[in-house]
J.: 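Let me give you the structure first, and then I'll get to my questions.
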Amino acid sequence: MEQQKIEQHKQILIPPIDLLQSTKKDIEHWLASLVMRPFHARQIMRELYAKYKQRKDRYEVKKKADLPLELKDIVLNQKKEAFDAVGNQAILKLAEKHVSVDGTTKYAFLLVDGKKIESVFIPQKSKNTLCISSQVGCAVRCTFCVSGKDGLLRNLSAGEIVAQVLAVLDDDKSIDNIVFMGMGEPLHNYNAVVSAISILTDPDGLAWSSRDITVSTSGIPDKIIQLGKDTKVLFALSLHAPNNALRDQLVPINKRWPLKVVLDACAQFPSSEKHPLMIEYVLLKGVNDALGQADELAELLGSWHTKGSWFVVNLIPFNPHPYATYERSDAAVVFAFKKRLMTAGLKTFIRETRGYEIAAACGLLTQGKGKEN
Ligand code: SF4
């Protein structure tokens, strides 16, 4: 009874905090409210993430410092609530896992409210990439993408974003790059995405290099500028059309923020030859894959380059699905388009299609009602 009273007393005194959602700054504020010194935030983060620390070669894995006694119970209890005995997380449960013939692995995760999200692990010769989601569904509704077909269901929390990375690490995958190219428009969920980046890159969190994280957006100008100030991540713009008339159709958000406004914002995002901005362009047969459109694209991007931005173009052959009538451009057309851009002086790559047969390729991720279900 006495013990119960002490516990109740503690609960009244200690303001609640969800540690898995919290950046170091959040934890420092919480400690301040307990009149405790901020440096304990480092110890708390190390306690939570030591197991997941990446890049042992580049970052020294610091020894977990002992938590002060007055914090130990609280932190260890929170940790126990967040992870079960075998390390599974409370906020994200693996619902399905599909492995493609090329090794691409798609994970469907169940959230606590029963909604589903998907993440894709893409093994590559040099570096492995994990593509994560930032929202359940997407409000942008690009006409070629399955993720936006039902609109936005809800934002993910910072913890749910980070948890995707933890879950895939728990599946013994070695991840080099993290890309926000799964479900959702990351900049529509700005605060949670930036908090997640902070936890991922914090030396006492997962110690990821910001340069190994890419945020891809359909183009929200003020948030693009803000992201360039708040983080050091790499940046990708989903362009998909060389003019406003066509982009209005493919990426409807263009009606609100047309090309010039978006590209002006991109010009304020720091870039260099070593860390260029990525321009993503999905190739749709007979829609945006003509050589004349390649010329128009080269002209558009060429004028932008003069503003001091460095960029590369990534051509993405469309991955057909039942929710859109577009077709994939012929391989010869894709190569001709690339050649035209290269001739105009634009560094251009063709993105290899990975995991198509398990609906894990670009534009195919769903909240559980997509192609495979
Ligand atoms: S392409 Fe990206 S921004 Fe467009 S609907 Fe799909 S998830 Fe949303």
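Treat the numbers as computed from the prediction; the structure is a model and nothing was measured. Whatever order the structure lists ligands and atoms in, that order sets their numbers, starting from 1.
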J.: Under 3.5 Å, is there a donor on one side chain and an acceptor on the other for Thr129 and Gln124?
T.: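 A donor-acceptor contact under 3.5 Å links the two side chains.
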J.: What side-chain hydrogen bond (donor to acceptor under 3.5 Å, both in side chains) pairs are there with at least one residue in residues 332-348, not counting sequence neighbours?
T.: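 Every pair satisfying side-chain hydrogen bond (donor to acceptor under 3.5 Å, both in side chains) with a residue in residues 332-348: Asp295-Arg340.
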J.: Are the charged groups of Asp264 and Lys260 less than 4.0 angstrom apart, N to O?
T.: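 Yes, this pair counts.
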J.: Anything protein N, O or S sitting under 2.8 Å from atom 8 (Fe) of ligand 1: count it and give me the total.
T.: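 Every protein N, O or S atom under 2.8 Å from atom 8 (Fe) of ligand 1 counted, the figure is 1.
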J.: Where the side chain of Asp330 meets the backbone of Ala332, is there a donor-acceptor pair that is under 3.5 Å apart?
T.: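 Such a contact is absent between Asp330 side chain and Ala332 backbone.
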J.: Which donor-acceptor pairs under 3.5 Å do side chains of residues 184-191 form with protein atoms, sequence neighbours excluded?
T.:
from: Glu185; atom 1: OE1; to: Thr217; atom 2: OG1; distance (Å): 3.2
from: Glu185; atom 1: OE1; to: Ser218; atom 2: N; distance (Å): 2.7
from: Glu185; atom 1: OE1; to: Ser218; atom 2: OG; distance (Å): 2.7
from: Glu185; atom 1: OE2; to: Leu187; atom 2: N; distance (Å): 2.9
from: Glu185; atom 1: OE2; to: Thr217; atom 2: OG1; distance (Å): 2.9
from: Asn189; atom 1: ND2; to: Ser134; atom 2: O; distance (Å): 2.9
from: Asn189; atom 1: ND2; to: Leu156; atom 2: O; distance (Å): 2.8
from: Tyr190; atom 1: OH; to: Gln226; atom 2: O; distance (Å): 3.3
from: Tyr190; atom 1: OH; to: Leu227; atom 2: N; distance (Å): 3.2
from: Tyr190; atom 1: OH; to: Asp230; atom 2: OD2; distance (Å): 2.6

J.: Please list all pairs passing the ring pair (Phe, Tyr, Trp, His ring centres under 6.0 Å) test where one or both residues lie in residues 228-264, with sequence neighbours left out.
T.: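 Residue pairs with at least one partner in residues 228-264: Phe144-His240, Phe235-Phe269.
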